[in-house]
Amino acid sequence: MSSCCLIYTRHMKSHTDERPHKCHLCGRAFRTVTLLRNHLNTHTGTRPHKCTDCDMAFVTSGELVRHRRYKHTHEKPFKCSMCDYASVEVSKLKRHIRSHTGERPFQCSLCSYASRDTYKLKRHMRTHSGKFDTFTAFLHATQNYNVHLL
DNA sequence: CCTCCCTAGCGCCCCCTGCTGGC
DNA sequence: GCCAGCAGGGGGCGCTAGGGAGG
């Protein structure tokens, strides 16, 4: 079997709900043993990927790479085409670009306020506290955004 | 077929700063 | 003028999923 067929076979598995590797601590199931191992490390506090420049340690190698970019190498691969802003993470660049476009996808269900990111909406919901179930309102707003994306 | 590793993505929380309204 | 409350922008980490590469 060619490598692309192997990748295709594995990809098709991602469309199934087959998750044979179950966490004995919380019951959550995963597709691969690697994912389960990482998940178990979050329970046990095991952090095998240690930073050589400080005392931080992480569950995955990817987290360590990101940490090193933030704290030590200051490498920022994601650059804004409209200004000098650059970011370690693409999600941060996307959030930044909304400040150029003015896009506010996260609408408050209780007032006219709309936010450019989820946490700002959640923080805003505190100003409605006492008037409504803020978590429900937040959920409603974020679900609207997800539906919009679909 | 399995595992490791890297990348992508979503989420959460925090900090700093500027604005505004009440005192 | 001072202060508190709020929003905007951004930094940093937690965690999971997908896919390339090699054993």
Side-chain angles (χ1 to χ4, degrees), chain A residues 1-23 25-51 53-80 82-108 110-131 134-135 138-139 141-143 145-150:
Chain A
M1 196 188 293
S2 68
S3 64
C4 69
C5 286
L6 288 169
I7 291 165
Y8 176 74
T9 304
R10 188 175 60 175
H11 169 75
M12 291 310 288
K13 278 192 173 183
S14 72
H15 290 303
T16 73
D17 289 333
E18 192 182 348
R19 291 164 183 264
H21 307 281
K22 192 170 183 177
C23 173
L25 295 173
C26 71
R28 188 166 176 179
F30 297 87
R31 278 197 309 108
T32 69
V33 68
T34 305
L35 285 171
L36 173 60
R37 189 181 304 130
N38 285 343
H39 171 79
L40 281 170
N41 283 342
T42 70
H43 282 304
T44 62
T46 306
R47 293 165 179 260
H49 300 273
K50 302 185 191 308
C51 180
D53 291 324
C54 69
D55 57 357
M56 292 284 284
F58 301 89
V59 170
T60 68
S61 59
E63 289 172 73
L64 175 59
V65 168
R66 185 178 56 179
H67 159 79
R68 290 189 50 75
R69 282 179 176 166
Y70 270 121
K71 294 293 190 183
H72 305 302
T73 68
H74 305 293
E75 181 192 359
K76 297 180 176 182
F78 304 100
K79 304 186 190 309
C80 179
M82 289 175 268
C83 71
D84 291 338
Y85 176 78
S87 174
V88 169
E89 300 175 74
V90 68
S91 63
K92 299 297 184 290
L93 177 60
K94 286 179 178 175
R95 185 177 64 179
H96 164 80
I97 287 173
R98 290 196 196 115
S99 69
H100 288 303
T101 64
E103 185 191 8
R104 292 168 181 268
F106 305 100
Q107 174 69 50
C108 176
L110 299 175
C111 70
S112 61
Y113 174 77
S115 170
R116 296 193 175 113
D117 71 83
T118 54
Y119 184 69
K120 296 298 186 302
L121 176 60
K122 194 174 181 180
R123 187 180 62 179
H124 163 81
M125 284 304 181
R126 290 181 201 150
T127 67
H128 294 303
S129 62
K131 299 173 186 170
T134 55
F135 178 73
F138 173 71
L139 216 57
T142 53
Q143 281 171 352
Y145 178 54
N146 289 336
V147 167
H148 174 71
L149 287 177
L150 293 173

So which nucleotide from [options] ends up closest to the side chain of [X]?
| X | options | result |
| --- | --- | --- |
| A:Arg28 | C:dA7, C:dG8, C:dT16 | C:dT16 |
| A:Val59 | B:dC13, C:dC15, C:dC13 | C:dC15 |
| A:Thr127 | C:dA7, C:dA17, C:dG8 | C:dA7 |
| A:Val90 | C:dA7, C:dG10, B:dG9 | B:dG9 |
| A:Ser99 | C:dC13, C:dG10, B:dA8 | C:dG10 |
| A:Arg116 | C:dC15, C:dA7, C:dG9 | C:dG9 |

Hey, does the side chain of A:Arg69 reach the backbone of A:Glu75 with a donor-acceptor pair shorter than 3.5 angstrom? no
Does the A:Thr32 side chain pair with the main chain of A:Leu35, one donor and one acceptor, at a distance under 3.5 Å? yes
To the nearest Å, how far apart are [X] [atom1] and [N] [atom2]?
| X | N | atom1 | atom2 | result |
| --- | --- | --- | --- | --- |
| A:Leu93 | C:dG11 | CG | P | 11 Å |
| A:Met56 | C:dG14 | CE | P | 6 Å |
| A:His124 | C:dG9 | NE2 | C1' | 18 Å |
| A:Asp117 | B:dC13 | CG | P | 13 Å |
| A:His21 | B:dC2 | NE2 | P | 7 Å |
| A:His43 | C:dT16 | NE2 | C1' | 13 Å |
| A:Leu25 | C:dC15 | CG | P | 13 Å |
| A:His74 | C:dG11 | NE2 | C1' | 12 Å |

Which part of the nucleic acid, if any, lies within reach of A:Arg68 when heavy atoms closer than 4.0 Å are counted: base, sugar-phosphate only, or nothing? nothing
Hey, does A:Val33 reach any base, or is it just sugar-phosphate, or nothing, if we go heavy atoms under 4.0 Å? sugar-phosphate
Measuring centre to centre across the rings, with the benzene-like ring taken for any Trp, is A:Tyr113 within less than 6.0 Å of A:His124? yes
Ring center gap for A:His21 and A:Phe30 short of 6.0 angstrom: no
Working for ring pair (Phe, Tyr, Trp, His ring centres under 6.0 Å), residues A:His96 and A:Tyr85: CA-CA 8 Å; A:His96 164 80; A:Tyr85 176 78; 4.1 Å; yes
Restricting to nitrogen or oxygen on both sides, can you table the protein-nucleotides 15-17 of chain B pairs closer than 3.5 Å?
none

Polar pair under 3.5 Å, donor/acceptor by atom type, side chain [X], base [N]:
| X | N | answer |
| --- | --- | --- |
| A:Lys71 | C:dG12 | no |
| A:Arg95 | C:dG9 | no |
| A:Arg66 | C:dG14 | yes |

Please determine, by modelled atom types, if A:Thr46 and A:Thr44 share a side-chain donor-acceptor pair under 3.5 angstrom. yes
A:Tyr70 versus A:Glu89, side-chain donor and acceptor atoms under 3.5 Å: yes
Restricting to non-hydrogen atoms, name the atom on A:His43 and the atom on A:Leu25 that form the minimum distance, rounded to 0.1 Å. CB-CD1, 3.5 Å
Is any side-chain heavy atom of A:His72 closer than 4.5 Å to a side-chain heavy atom of A:Cys51? yes
Measuring from A:Ser99:OG to A:Arg116:CZ, what's the distance to the nearest 0.5 Å? 6.5 Å
With sequence neighbours excluded, residues passing salt bridge (Lys or Arg N to Asp or Glu O under 4.0 Å) with A:Glu63: none
Produce the list of close N/O pairs, under 3.5 Å, pairing protein atoms with atoms of nucleotides 5-7 of chain B; give distances to one decimal.
| unit_1 | atom_1 | unit_2 | atom_2 | d |
| --- | --- | --- | --- | --- |
| B:dC6 | OP2 | A:Ser61 | OG | 3.2 |

Please determine if a side-chain N or O atom of [X] lies less than 4.0 Å away from the OP1 or OP2 oxygen of [N].
| X | N | answer |
| --- | --- | --- |
| A:His39 | C:dT16 | yes |
| A:Arg31 | C:dG18 | yes |
| A:Arg98 | C:dG8 | no |

